[in-house]
Amino acid sequence: MTEQEPTAGTPAREPERIPLSGDDPKARRKRAVSGLIAVALLAAAFGGVAGLVGGQVAGLVVAAVVAVPLVLLVTSGARRRMWLDGTTVVVRTWGSRTVDLVTAPRIDLMITDVRGTRTVSLLVSGQGRSAAVKIDLAVYAGTGGRELGILPLRRLADAVVNNMDAGGVVFSQLLVAQLRAEARGDAAADRPLYRLASAAPSGKLAQRFSIEAVSRFVASLDD
């Protein structure tokens with residue numbers, strides 16, 4: 001019995017899209033409504049003050065000036081989607097932009113601190129004038145928080161490991177260490193991303209960690 005040869009016309013299997021951000025429609029709508037209510041209250045407050053001073057027209061103009069950019073910001077956030085397509089990160093809001101994790105010229109680890117909530121992210125620079133893409137890996141508040149899922153972390157680790165120019169091996173090792181900690185059932189406080197977030201100096205809104213600093217931290221995980 002002879003084996004069947006693959007049909008030449010069979011289309012190649014497309015890479016699976018892996019979401020890199022929360023995609024809960026109910027949560028998105030709730031955030032959008034809350035944001036729009038806050039914008040309306042803020043615009044009304046500024047417009048009311050301006051109206052007392054300069055009259056109704058001035059109040060309406062000021063309210064519009066305050067509201068329009070904030071409404072655009074809220075709606076952009078509600079429309080934002082991010083996913084991994086093979087080794088390419090795709091971000092879509094009003095339009096789309098892409099960054100290839102293998103050819104990206106620079107990757108940084110960034111930690112932001114907003115009112116005690118710390119977010120650990122990868123900041124990936126695009127080629128040429130392409131805008132950078134921020135991939136949130138984990139968000140911690142106190143002793144808990146939320147982390148990117150196992151599959152997205154695994155695919156990110158597989159993608160960045162081949163980027164030699166941006167030190168992708170180090171970032172891949174960090175993500176693999178996080179995956180191993182999750183597989184062991186370690187508490188959040190014992191996981192690498194939480195330890196990184198806790199070690200960042202307080203009082204700074206955003207901090208970038210050099211590849212050397214991340215490399216030293218990854219090496220310390222084996223001690």
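The basis for the numbers below is simple: all heavy atoms, side chains too, and nothing from hydrogens, waters or symmetry mates.
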All heavy atoms of I107 vs all of L101, minimum pair found to be CD1-O, 4.4 Å
Could you list the residues that satisfy side chain to side chain donor-acceptor pair (under 3.5 Å) with E212, not counting sequence neighbours? S210
According to the ring-ring contact (aromatic ring centres under 6.0 Å, His included) rule, which pairs have a member within residues 157-198, sequence neighbours left out? Y140-Y194
Given a cutoff of under 4.5 Å between side-chain heavy atoms of I, L, V, M, F, W and Y, with clusters grown through shared members, what are the other residues clustered with M164? V161, V169
Please report the closest heavy-atom contact between E147 and A138, naming both atoms and the distance. CG-CB, 3.9 Å
Using every non-hydrogen atom in the two residues, find where A43 and A67 come nearest and quote the distance to one decimal. CB-CB, 3.8 Å
Over 12 non-hydrogen atoms of neighbours within 6.0 angstrom of CZ in F46: no
Looking at every heavy atom in both T119 and S121, which two are closest together, and how far apart are they? CG2-OG, 3.5 Å
Among pairs that include at least one residue of residues 131-146, which meet salt bridge (Lys or Arg N to Asp or Glu O under 4.0 Å), considering only residues two or more places apart or in two chains? K134-D136
Not counting sequence neighbours, which residues clear side chain to side chain donor-acceptor pair (under 3.5 Å) with R180? List them please. none
Besides V53, the hydrophobic cluster formed by Ile, Leu, Val, Met, Phe, Trp and Tyr side chains linked at under 4.5 Å, directly or via other members, contains none
I111 side, atom CD1; L109 side, atom CG - distance, nearest 0.5 Å: 5.5 Å
Residue pair R118 / T112, side-chain heavy-atom distance below 4.5 Å: no
Can you hop from V89 to M110 via hydrophobic side chains spaced under 4.5 Å? no
Inspect the surroundings of CD1 in I150 and state if more than 12 heavy atoms from other residues, nucleotides or ligands are less than 6.0 Å away. no
What one should report as the nearest heavy-atom pair of E182 and L148 is OE2-O, 4.2 Å
By side chain to side chain contact (heavy atoms under 4.5 Å, CB included), which residues pair with D108, not counting sequence neighbours? R106, L123, R208
Can you tell me if Q178 uses its side chain to pair, donor with acceptor, with the backbone of L193 under 3.5 Å? yes
Could you pull out all residues at least two apart from T87 that satisfy side chain to side chain donor-acceptor pair (under 3.5 Å)? D100
Linking Ile, Leu, Val, Met, Phe, Trp and Tyr through side-chain heavy atoms less than 4.5 Å apart, which residues share a cluster with V176? none
What distance do D186 atom CG and R184 atom CZ have between them, rounded to the nearest 0.5 Å? 4.5 Å
Of all the heavy-atom pairs spanning P19 and P152, show the shortest one and how long it is. O-CG, 3.7 Å
All side chain to side chain donor-acceptor pair (under 3.5 Å) counterparts of R155, not counting sequence neighbours: none
With sequence neighbours excluded, what pairs up with R195 under the side chain to side chain contact (heavy atoms under 4.5 Å, CB included) test? F217, L221
Clusters formed by hydrophobic residues whose side-chain heavy atoms approach within less than 4.5 Å: which one holds V102, and what are its other members? none
